[in-house]
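Just so it is clear, the structure is predicted and the values come from calculations on it, not from any experiment.
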Amino acid sequence: MSRWEPNARSRLERASLELFVERGYDSTTVAEIAERAGLTKRTFFRHFADKREVLFGGEDVLSGLFADAIRVASPEATLIECLQAALAATEVVMTPHRRTTAARRVLVVAGKSELQERGLLKHARIANSITAALRERGADELTARLGSEVGMLAFSVALGHWMEANDDEPFPPFAAAALSDLQARAAELVAPLPFPDDTPSPRPASG
């Protein structure tokens, strides 16, 4: 495979994830990634600051997609409609052929606490970008923060379901369904919680 072949970034990402799964994250070197991809270490560092960025570099793209979709939504759009637009905008990167990549990434991150912590930081940055976009549309700080967390939760739930789906199923319908489900569950927050059959009902406090 030529070292000058295009699509270097995607080749490096694919090679990295293959090696992380085969050998483990800590046991994989940048040199091995470059060799598997048919490229050089210099090329690797043109695209990624370090091995961790192979796993999390795409989060910056998601952050931009979410925020831009919210900003260009109709002026009359509700907060939920803004979140719907944000989740739908991910279709350009959450393509069916990316499902294997997403599954490998989740597997690698789940196996190392350091990567989980990095993932939480990236999650917070994306949530902050959504919050900022909602604030620009006039939402108050607390409402914008709530909206961003709902949007991120919907994305996470949808990602889990999407990775279990058939290869040709697109991501946006899963995201829309997850957001709709969260709306329905939020509406139930004011209802009494049903006690399991084997759990005694709480007794009134004695006077």
Inset, instruction - Identify the two heavy atoms, one from Cys82 and one from Ala77, that lie closest to each other, and give their separation to 0.1 Å. - result: SG-CB, 4.1 Å
Legend entry - Exceeds 12 heavy-atom contacts within 6.0 angstrom, atom CG of Leu120: yes
Inset, instruction - Output the distance between atom CG (Leu79) and atom CG (Leu134), rounded to the nearest 0.5 Å. - result: 5.0 Å
Legend entry - Among Arg98, Lys51, Arg105, Arg36, the one residue meeting salt bridge (Lys or Arg N to Asp or Glu O under 4.0 Å) with Glu13: Arg98
Inset, instruction - Mind checking the CD-OG spacing from Glu59 to Ser129? Nearest 0.5 Å is all I need. - result: 10.5 Å
Legend entry - Nearest-0.5 Å distance, CD of residue Glu169 to CE of residue Met163: 14.0 Å
Inset, instruction - Tell me, please, which residues at least two apart from Tyr25 pass ring pair (Phe, Tyr, Trp, His ring centres under 6.0 Å). - result: Phe20
Legend entry - Contact summary for Val54 and Ser16, nearest pair of heavy atoms: CG1-CB, 3.5 Å
Legend entry - pair Leu115-Val108: side-chain heavy atoms closer than 4.5 Å: yes
Legend entry - Any donor-acceptor N/O pair, Arg137 side chain to Ile70 backbone, under 3.5 Å: yes
Inset, instruction - Supply the atom-to-atom distance Arg52 CZ to Lys122 NZ, rounded to the nearest 0.5 angstrom. - result: 10.0 Å
Inset, instruction - May I ask whether Val106 and Leu121 are part of the same hydrophobic cluster, defined by side-chain heavy atoms of I, L, V, M, F, W, Y residues being less than 4.5 angstrom apart, directly or through others? - result: no
Legend entry - Within-4.5 Å side-chain heavy-atom neighbours: Pro172 and Leu87: no
Legend entry - Shared hydrophobic cluster, Val157 / Val109 (ILVMFWY, side-chain heavy atoms < 4.5 Å): no
Inset, instruction - Would you check if the side chain of Arg11 reaches a backbone N or O of Ala37 as a donor-acceptor pair within less than 3.5 Å? - result: yes
Legend entry - Closest non-hydrogen atom pair, Arg99 against Ala165: NE-O, 4.1 Å
Legend entry - Residue pair Ser148 / Ala127: nearest heavy atoms and the distance that separates them: CB-O, 3.4 Å
Inset, instruction - Measure the shortest side-chain to side-chain distance between Leu83 and Phe66 over non-hydrogen atoms and say whether it is less than 4.5 angstrom. - result: no
Inset, instruction - Locate the shortest heavy-atom distance separating Ala69 from Ala86; write the atom from each residue and the value. - result: CB-CA, 3.7 Å
Inset, instruction - Using atom types as modelled and distance alone, determine if a side-chain donor or acceptor of Thr143 lies under 3.5 Å from a backbone N or O of Asp140. - result: no
Inset, instruction - Return yes if some donor-acceptor pair links the side-chain N/O of Asp181 with the main-chain N/O of Ala177 below 3.5 Å, else return no. - result: no
Inset, instruction - Mark yes when over 12 heavy atoms from residues, nucleotides or ligands other than Glu136 sit less than 6.0 Å from its CD; otherwise mark no. - result: yes
Inset, instruction - Report yes if the distance between the aromatic ring centroids of Phe171 and Phe155 is under 6.0 Å, otherwise no. - result: yes
Legend entry - Distance in Å, Leu65 CG paired with Met94 CE, rounded so as to fall on 0.5 Å steps: 10.5 Å
Inset, instruction - Drop me the distance from Ser180's OG to Arg185's CZ, to the nearest 0.5 angstrom. - result: 11.0 Å
Inset, instruction - Ignoring hydrogens and angles, tell me if any N or O in the side chain of Arg23 forms a donor-acceptor pair with the backbone of Thr28 under 3.5 Å. - result: no
Inset, instruction - Kindly give the heavy-atom pair with the smallest separation between Arg135 and Ala139, and that separation in Å. - result: NH1-O, 2.9 Å
Inset, instruction - Would you check if Leu17 and Leu55 make a side-chain contact, meaning some heavy-atom pair closer than 4.5 Å? - result: yes
Inset, instruction - Would you indicate whether the side-chain heavy atoms of Thr78 and Glu81 approach each other to under 4.5 Å? - result: yes
Inset, instruction - Using the side chain to side chain contact (heavy atoms under 4.5 Å, CB included) rule, take Val150 and Leu146 through it: C-alpha gap first, then chi angles, then the decisive distance, then the call. - result: CA-CA 6 Å; Val150 169; Leu146 176 61; 4.2 Å; yes
Legend entry - pair Glu149-His123: side-chain heavy atoms closer than 4.5 Å: yes
Legend entry - Candidate pair Asp26 and Lys112, rule salt bridge (charged side-chain N to carboxylate O under 4.0 Å, His left out), full reasoning: CA-CA 9 Å; Asp26 288 332; Lys112 189 170 178 60; 2.9 Å; yes
Inset, instruction - Flag yes if more than 12 heavy atoms outside Arg145 fall under 6.0 Å of its CZ atom; otherwise flag no. - result: no
Inset, instruction - Side-chain contact test, heavy atoms from C-beta onward, threshold under 4.5 Å: evaluate it for Asp60 versus Arg125 and give yes or no. - result: no
Legend entry - Side-chain heavy-atom pair Asp68, Val72 within 4.5 angstrom cut-off: no
Inset, instruction - Indicate, with yes or no, if Leu107 and Phe56 share a hydrophobic cluster defined by side-chain heavy-atom contacts under 4.5 Å among Ile, Leu, Val, Met, Phe, Trp and Tyr. - result: yes
Inset, instruction - Look only at the side chain of Asp50 and the backbone of Glu53, and say whether a donor-acceptor pair between them is shorter than 3.5 Å. - result: yes
Legend entry - Side chain Ser156, main chain Met152, donor-acceptor under 3.5 Å: yes
Legend entry - Glu32 side chain vs Leu19 backbone, donor-acceptor pair below 3.5 Å: no
Legend entry - Test item: Thr43 side-chain N/O and Leu39 main-chain N/O as donor-acceptor pair under 3.5 Å: no
